[in-house]
Undergrad: 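The structure is given below, and queries will be raised subsequently.
Order of appearance sets the numbers: ligands from 1, and atoms from 1 within every ligand.
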Amino acid sequence: MSVANIKDRKMLDDLLAACRGNLPNVNEALITKAFEFCLEAHKNDLRASGEPYFTHPYEVAMIVVKEFPLDDITVVSTLLHDVVEDTEFNLDMLAREFGKEVAEIVDGVTKISGIFKGQEITQAENYRKMLLSMVKDVRVILVKFADRLHNMRTLEFVSADKQRRIAQETLEIYAPFANRFGLARVKWELEDLSFKYLNKEAYDEIAKKIKSKRRERESYIKKFSEPIKEKLDGYNLKYEINGRAKHLYSIYRKMVRRNKPFEEIYDLFAIRIILDTENTNDCYTTLGIVNQIYLPVPDRFKDYISIPKTNNYQSIHTTVVGPEGKLVEVQIRTVKMHEVAEKGVAAHWRYKENKTTSDKDLEMWVNWIREIFENASKEDARKELLESFKLNLYQYEIYVFTPKGELRRLPANSTPVDFAFEIHSKLGFHCIGAKVNGKIVPLDTILHSGDQVEIISSKNQHPNKNWIKFVVTHKAKTAIRKWINKEEEEIIELGKELWEKKTKKMKLSFDQNDVAKITASLKFDSTKHFYKSIAQGKINLDEVLTATKEQSGRDKDVHQLEFENFASTAREDIGGVLIEGKKSGLLYSYAKCCNPIPGDPVIGYITIGEGIKIHRKTCSTLLSISAKDGSKLVPVQWPEADSSLFVAGLTVSGDDSPGILNEISHAIVSYQNTNIKSININTSNNLFEGSVTLYVHNIEHLTRIMDRLKKLKGVFSVERFESA
Ligand code: MN
């Protein structure tokens, strides 16, 4: 390939010349190759204007060189920016021919272009953020700005519909964005062009009025400036003095905002004096000159040179009374200050929009860009900036579309399930599948900025435990956990009901303690887990209950025996009962119905053949028999104990573990040297059950010891010995 056509040859020469003038280290061969490639790739296409299509990428490249003079790679990428979308050439080919960097920039530009098509622009700030979240290389945005600027300049050739849509998008997204990047000139042009297509009437009227006033205005500015110029020349200062450009859209906006007619906005004259000097003192000299000639208006003086604005804006602002008593705003600054003002971070945005942490990142980034514009010749800054291109802004967020085209912000790595819960918890609970960009995908698919997501739901679908593993939003996580817990509670409740029904049927009764023992013996970590397994049919209740019944029968016998041992020991220990206040030789025995032990209030009942039966006073059997014949009752009592010690009995149960016997006896003995009379531990199914008889001074003493035992690890229960 070579550029044969003279006209094309001239275009290429112009481009190369512009590159040489604005960029460092220009790879002219690569730019020439890209130019030829662009020419060839688009050779069959025409623009809406009827011009050959390649004039568009060419003009865009020219804008890039002049407005965003960064590097030759950007220029090459710009020349190729429409190739992938509009011609048969693909990214692989671009990567092969021009390198991976170029292919990546072109890919980025192509993706951004696809985003807005057919979408209503309702959340401009989010769109701007989305744009950034998709861009991994700042040059993509610069190419896009230039592309948009050229499309706006040539918008007259497309349909009215398209004009409106593109103008709206430009005004709401690209212009504020350019502003943020400190690209003031580009911003103004984008705004004025958008304004032209969005409100043609107002645009034309303002344009007409400006035109009709131009001569009057120019002559006034001239009259105002002449005496200043003379003095400045006298001081040998190099300067430029002109009326500040008024942008149509900004005039319009002021008219609307202040509700004032054109004349009042426009008649405020403003001039700017830009000094070609490095010496900031010259600015103050100039200020002195202006004030010698015209009377300054008090309180209108601002010195942003001594105290720059936070975005490094520097300038002197003053307002003076000009000829005919008209007020004139005067700005005085050096060339360098002017550059910063035109290309620096936009102060407007800083004060007007809400900020988030991410915006801070952006600010930093933008500062880099500004620096590169200001120090275009400083190789170091350029290199560092190129490295920072790879920095991914908004890397913690993505922006995705609903089927209706609404934009939703989600954290990075969000999935369709996160999206569903973001829309509505009901949608989340019932989501069964998802379509991303029209294709059905698994629910754990990671979404990306710009994806359009549609949730498929079904009333019968419910959250799945596995979802927890991949969702990232707090909202989805909480909702799913809550649902799972609720579902679990229900299952547990069901299991408990089944258990109670069954035990009732088998005429068994279990307290919490019993259930805990059974649970542990079946190796469940909790009764909840046990009930859940019942509900899920994992346990054969008949088997469990039959075994338990037999065991508890055996336990009961053992208990009874142990208790009786304890009771007789305790009775012997205290020396039996006193009948009618004294030790007597009368035959007596202890009633089996209530098994009285020392400490229980007791009474005697005279039987035929069995002597006196000793009952507890509260014994129900005694109450029913004595009701018939109260005369057979005799007063009985336990004698005062010799020592101040009583025998008491305890049952202790819990998890069996090596050394449990030792721990129990230690817990007792270590409290006030309590004396143990006997201790017995039986184990089965990893559980133990023990009985302890011990000497205590009083109930408090006993209670303390019971508390100590309850605190031992693995002990379920500690109870006073009672007859079964
Ligand atoms: Mn384009």
Undergrad: Under 6.0 Å between ring centres: does that hold for His42 and Tyr53?
TA: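 Yes, ring centres under 6.0 Å apart.
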Undergrad: Considering only NZ, NE, NH1 and NH2 on the basic side and carboxylate oxygens on the acidic side, decide whether Glu169 and Arg148 come within less than 4.0 Å.
TA: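 Yes, this pair counts.
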Undergrad: Got an N, O or S from His150 under 2.8 Å of the Mn ion (ligand 1)?
TA: no
Undergrad: Are Lys33 and Glu97 close enough for a salt bridge, meaning some N to O gap below 4.0 Å?
TA: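 A salt bridge is present here (some side-chain N lies under 4.0 Å from a carboxylate O).
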Undergrad: With the Mn ion (ligand 1) as the point of reference, which N/O/S atom of Asp82 is the closest?
TA: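 When I compare the N, O and S atoms of Asp82, OD2 is nearest to the Mn ion (ligand 1).
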Undergrad: So, of the N/O/S atoms that Asp147 has, which is the nearest one to the Mn ion (ligand 1)?
TA: OD1
Undergrad: Students often mix this up, so state it plainly: with edges at 30° and 60°, are the rings of Trp188 and His247 parallel, tilted or perpendicular?
TA: parallel
